[in-house]
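Counting begins at 1 with the first residue of the sequence. All figures in this text were calculated on a predicted structure; none of them were measured in a lab.
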Amino acid sequence: MYSYLIRRLLPFFTVAVSAELLELIIVAFLKHTELDLRFLPLVKTSGVLFLTTIVSFFYLMIPYVIYLLILPQRYQNSKLDYIVATGVYSLFVLFCISEECISVWLIYTQNTKMMIDDSNIWTSLFHTWMILCNNWHVFAAIICISVAIILLGTPYLFTKLQAPSFVRRLYHTMLYMLICTLAYINIDIKQLKIDAKHLNEVVSEEGSYYIIKTINEKEIVPALKKIKNLSPSKPDETSDI
């Protein structure tokens with residue numbers, strides 16, 4: 001079913017998949033001697049990359065999906081909708097292009113992707129993104145490519161399809177959250193084996209997915225466990241009266 005939600009997310013999904021495909025092509029060109037370009041390993045590499053791209057896309061788009069849920073029908077394609085959608089799209093494009101450019105840069109220079117220090121995740125991410133400031137040509141490439149994509153893609157952010165009723169939008173949002181939950185529970189990049197050269201493993205590890213999983217494992221899960229341990233325990237039934 002070609003729903004309103006799918007239509008509004010389609011431009012974002014196109015950017016996410018195209019950016020990963022472009023990264024794969026560039027790395028295959030620059031590092032063709034170090035990649036296993038045989039048919040089966042290449043299919044596995046592309047498959048894992050596509051899968052993790054979809055999963056990270058689902059996670060990243062949750063705020064926008066919630067926005068589409070609470071946006072009243074009468075404000076569809078309004079000035080407010082235009083400002084919010086264009087702003088979110090611009091940030092999403094900038095994030096995707098930045099992540100892909102940094103990934104290509106690191107693979108080309110160090111044969112690795114973003115390295116996150118488990119002891120200080122946020123500082124590690126900050127130092128990784130500072131690559132942009134230290135390499136003006138990478139920063140210039142990101143800005144130029146991002147602006148071009150934003151200008152080309154903005155007209156496609158909106159649709160003449162009438163937004164469904166709130167109940168229908170809520171139903172679609174719940175299905176979306178269910179997909180995110182199932183993906184979170186059942187997909188782990190550590191279990192997705194390529195059985196090829198090391199660089200194939202590096203390329204197949206979509207950067208956004210890797211960051212999300214690392215933050216979840218090192219920050220969110222320990223925090224939830226700490227909250228659970230701090231919860232009041234049941235009274236001791238065997239205590240003396």
Side-chain angles (χ1 to χ4, degrees), residues 1-23 49-103 114 122 125 129 142-143 145-187 206-216 219-220:
M1 180 178 178
Y2 193 58
S3 73
Y4 173 78
L5 180 60
I6 293 176
R7 175 58 186 82
R8 291 294 297 257
L9 293 178
L10 187 59
F12 295 85
F13 183 72
T14 302
V15 170
V17 174
S18 299
E20 292 298 334
L21 179 60
L22 182 60
E23 179 195 343
L49 180 62
F50 185 66
L51 176 62
T52 53
T53 298
I54 293 177
V55 174
S56 64
F57 172 79
F58 283 148
Y59 294 161
L60 292 172
M61 295 309 298
I62 288 177
Y64 189 65
V65 170
I66 295 176
Y67 159 74
L68 294 176
L69 168 65
I70 63 178
L71 180 71
Q73 285 181 314
R74 66 180 182 274
Y75 288 113
Q76 178 189 347
N77 298 338
S78 65
K79 185 176 181 180
L80 172 66
D81 191 19
Y82 179 85
I83 293 174
V84 174
T86 303
V88 173
Y89 182 70
S90 299
L91 291 175
F92 183 80
V93 170
L94 184 62
F95 174 80
C96 286
I97 301 304
S98 298
E99 188 267 315
E100 300 308 328
C101 286
I102 291 176
S103 295
M114 297 183 186
W122 300 108
L125 285 174
W129 289 104
I142 290 173
I143 296 300
I145 296 173
S146 298
V147 170
I149 294 175
I150 292 169
L151 293 176
L152 291 173
T154 298
Y156 299 98
L157 295 176
F158 310 96
T159 175
K160 294 181 179 179
L161 289 174
Q162 181 64 37
S165 65
F166 178 79
V167 174
R168 192 69 177 175
R169 297 201 307 273
L170 180 61
Y171 170 71
H172 290 163
T173 302
M174 291 176 65
L175 287 179
Y176 186 91
M177 295 302 181
L178 177 61
I179 293 174
C180 292
T181 302
L182 293 175
Y184 172 80
I185 295 173
N186 295 294
I187 299 177
E206 199 274 330
S208 303
Y209 179 81
Y210 169 63
I211 294 173
I212 292 170
K213 292 292 288 186
T214 302
I215 293 175
N216 173 69
E219 296 285 342
I220 298 177

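With hydrogens and angles ignored, the 3.5 Å screen pairs a side-chain donor or acceptor of Arg169 with a backbone N or O of Leu68. Panel note: side chain Ser18, backbone Val15; no donor-acceptor pair is recorded below 3.5 Å.
Taking the side chain as every heavy atom from C-beta outward, Phe57 and Val17 never approach each other to under 4.5 Å. The shortest distance between side-chain heavy atoms of Leu157 and Tyr82 does not fall below 4.5 Å. Using a 4.5 Å cut-off on side-chain heavy atoms (C-beta onward), Gln76 and Thr159 make contact. In this structure the side chain of Phe58 never reaches within 4.5 angstrom of the side chain of Thr181, judged on heavy atoms. No side-chain heavy atom of Lys160 sits under 4.5 Å from any side-chain heavy atom of Arg7. Contact of the Thr86 side chain with the Ser90 side chain is registered, since non-hydrogen atoms from C-beta on lie closer than 4.5 Å.
One distance of note links CG of Leu71 with CD1 of Ile66; it measures 13.5 Å at 0.5 Å rounding. Note that CD of Glu23 is 10.5 Å distant from CD1 of Ile97, once rounded to the nearest 0.5 Å. Atom CD1 in Ile145 sits 5.0 Å away from atom SG in Cys101 (nearest 0.5 Å). A distance of 12.5 Å separates CG of Leu178 from OG1 of Thr173, quoted to the nearest 0.5 Å. Separation of atoms OH (Tyr156) and CZ (Arg8) is listed at 15.5 Å; rounding is to 0.5 Å. Leu5 contributes atom CG, which lies 9.5 Å from atom CG of Leu69 (distance to the nearest 0.5 angstrom).
Closest approach of Tyr89 and Gly153 over heavy atoms only: OH-CA, 3.4 Å. Across all non-hydrogen atoms, the minimal contact from His172 to Ser3 is CE1-CB, 4.0 Å. Looking at every heavy atom in both residues, Ala16 comes nearest to Cys96 through CA-SG, 4.4 Å. Glu100 and Ala19 get closest at one heavy-atom pair: CG-CB, 3.7 Å.
The number of heavy-atom neighbours closer than 6.0 Å to CE of Met174, taken from other residues, nucleotides and ligands shown, is 12 or below.
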Worked check of side-chain contact (heavy atoms from CB on, under 4.5 Å) between Met61 and Tyr176
CA-CA 10 Å; Met61 295 309 298; Tyr176 186 91; 3.3 Å; yes
For Phe13 and Ile6: C-alpha separation, side-chain torsions, deciding distance, then whether side-chain contact (heavy atoms from CB on, under 4.5 Å) applies.
CA-CA 10 Å; Phe13 183 72; Ile6 293 176; over 6 Å; no
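Considering only residues two or more places apart in sequence or on other chains, Tyr75 meets the side-chain hydrogen bond (donor to acceptor under 3.5 Å, both in side chains) condition with none of them.
Below 30°, between 30° and 60°, or above 60°: for Phe12 and Tyr64 the angle between ring planes is between 30° and 60°, a tilted geometry.
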